[in-house]
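Everything on this sheet refers to the single structure shown next.
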2 protein chains.
Amino acid sequence: MIDEKYPPGKRKIIKALRTLLEDREFNSVTTSDIAKTAGVTEGLIYKYFANKRDLLYQVLKEHIDQFLFKVEKDLEGSLSSLDKLKAIVHSSVYSYAKHRVFAKMLLIEVRNSPDYFSSDACNLIRLHVKNILGIIETGIKNCEIKETLNPIAIREVLLGAIEQGCISKIIFNRKIDVDKITEDICDIVFNGLSQN
Amino acid sequence: MIDEKYPPGKRKIIKALRTLLEDREFNSVTTSDIAKTAGVTEGLIYKYFANKRDLLYQVLKEHIDQFLFKVEKDLEGSLSSLDKLKAIVHSSVYSYAKHRVFAKMLLIEVRNSPDYFSSDACNLIRLHVKNILGIIETGIKNCEIKETLNPIAIREVLLGAIEQGCISKIIFNRKIDVDKITEDICDIVFNGLSQN
DNA sequence: AAAGGTAAGTGAGTTTTACTTACTAAAAAG
DNA sequence: CTTTTTAGTAAGTAAAACTCACTTACCTTT
């Protein structure tokens with residue numbers, strides 16, 4: 001998955017950025033910081049990456065690769081579509097909780113640059129998101145999910161809930177209770193909040 | 001609301017940024033661009049604003065002021081808590097649809113700078129969000145909303161759904177069907193997606 | 001083993017951009 | 001009429017992203 005055939009300098013640069021992002025936000029990390037941390041010169045960064053953001057996206061892509069691999073595994077046991085959706089919610093929240101750097105990148109840093117949306121990282125996410133839509137559509141065919149609902153809207157509610165449930169904890173470095181957030185989201189979205 | 005007693009230079013600067021953000025993202029707008037568009041010198045920006053982001057937050061604050069004023073009005077007719085929540089969803093989506101610059105700032109630009117969270121703009125949002133929680137809690141007391149659910153989680157699902165429902169349309173400049181998105185979100189979140 | 005080619009890496013620039021500061025002109029205040 | 005405050009300018013600085021001409025080292029082929 002992670003291409004170990006990268007030259008050592010390139011590996012060092014990727015690792016350096018990942019390390020730096022652990023306690024600092026992307027915009028405050030300078031190329032000079034990255035080079036120093038990696039033990040290479042600034043020029044080398046531009047040998048391997050088109051620019052600073054391109055480097056970010058490649059770091060992100062590696063994480064997403066691993067994330068999607070794990071999601072796939074987590075889905076194996078699930079039979080019903082609702083179980084699958086719940087497993088995705090759990091995996092996502094878990095991943096945000098465990099890999100805060102990855103979470104910050106995906107939920108915060110990435111959006112405000114149009115070129116993200118043509119990056120490999122974004123294309124991987126698109127695949128994942130298409131997959132979720134497939135599960136929802138299967139759920140509708142199975143009569144697990146109301147056929148009156150718009151599948152895309154369902155997906156957006158779920159993904160939005162996951163993001164919103166994690167983002168403030170990510171930003172303010174607070175604990176994320178994965179199981180509780182998962183239960184809360186699924187309780188609400190699966191059964192609704194209305195009493196009657 | 002908008003303090004017309006601002007000196008003309010300051011007004012011009014605020015207006016210039018708002019104009020520039022209509023087709024460009026904040027990070028790609030330079031202080032030199034802002035100054036040129038406003039017809040003042042760069043130095044003047046720093047007379048009135050601590051830095052470039054501070055300017056952004058003040059522009060944002062003006063929009064939020066107006067937004068919250070409108071939300072308040074939209075809530076007047078609603079009797080039940082669920083109606084109120086639906087009105088908030090509608091107002092929010094409407095506002096994102098109509099004021100795309102505001103939407104971009106709030107959904108995209110703002111997060112990735114820690115100092116936003118101590119800005120006036122953010123404090124206004126906090127008030128609004130606290131208000132939503134109040135409505136949910138009233139709904140639980142009224143037995144409109146299930147008392148087994150976590151009110152904060154409900155709010156997060158709703159807000160997340162709104163964001164997610166709008167953000168891709170904002171980014172890719174696609175049409176936002178306010179009524180449809182509102183219906184979709186409320187259908188799902190109020191009654192759940194599960195068939196049984 | 002010598003030559004040539006290529007990949008990895010360097011380091012000294014350049015340019016751009018956010019921000020500073022010392023100044024001026026004019027209006028308000030005393 | 002003088003002083004002070006306010007609105008605004010112009011030139012400059014520092015830091016950051018990015019460039020480019022160059023070196024070193026290794027691999028391949030004759």
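By convention in this document, chain letters (A, B, ...) are assigned in the order of the sequence lines, proteins followed by strands, and residues within each chain are numbered from 1. Keep in mind that what you see is a predicted model, and the values were worked out from it rather than measured.
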Q: Please list all pairs passing the ring-ring contact (aromatic ring centres under 6.0 Å, His included) test where one or both residues lie in residues 161-196 of chain A, with sequence neighbours left out.
A: Phe172(A)-Phe117(B)

Q. Could you give the OH-to-C1' distance, from Tyr6(A) to dG9(C), as a whole number of Å?
A. 18 Å

**Q.** Interatomic distance, Lys47(A) NZ vs dT10(C) P [rounded to whole Å]
**A.** 11 Å

**Q.** CA sep, side-chain torsions, deciding dist, call: Lys86(B), Glu144(B), salt bridge (charged side-chain N to carboxylate O under 4.0 Å, His left out)
**A.** CA-CA 13 Å; Lys86(B) 190 167 186 174; Glu144(B) 285 180 77; over 6 Å; no

Q. His63(B) pairs by ring pair (Phe, Tyr, Trp, His ring centres under 6.0 Å) with which of Phe69(B), Tyr57(B), Phe102(B), Tyr96(B)?
A. Phe102(B)

**Q.** Option among Val40(B), Thr31(B), Val59(B) that satisfies the side chain to side chain contact (heavy atoms under 4.5 Å, CB included) test with Ile13(B)
**A.** Val40(B)

Q: Indicate the atoms forming the closest heavy-atom contact of Leu149(A) with Gly192(B), along with that distance.
A: CD1-O, 3.9 Å

Q. Which distance, rounded to the nearest 0.5 Å, do you find between the OH of Tyr116(A) and the CZ of Arg53(A)?
A. 11.0 Å

(Q) Please encode protein proximity along nucleotides 14-20 of chain C as a string of B, S and -, counting only heavy-atom distances under 4.0 Å. (A) ---SBBB

Q: Answer yes or no for Lys98(B) and Phe67(B): cation-pi contact, defined as NZ/CZ to six-membered ring centre under 6.0 Å and angle to ring axis within 45°.
A: no

Q. With a 4.0 Å cut-off on heavy atoms, is Tyr48(A) in touch with a base, just the backbone sugar-phosphate, or nothing at all?
A. sugar-phosphate

Q. Taking any atom under 4.0 angstrom from a heavy atom of chain A, which nucleotides of DNA chain D are the first and last to qualify, 5' to 3'?
A. dA16(D) to dT19(D)

Q. For Asp187(B) and Lys146(A), what are the C-alpha separation, side-chain angles and deciding distance, and is it a salt bridge (charged side-chain N to carboxylate O under 4.0 Å, His left out)?
A. CA-CA 11 Å; Asp187(B) 260 20; Lys146(A) 293 174 189 160; over 6 Å; no

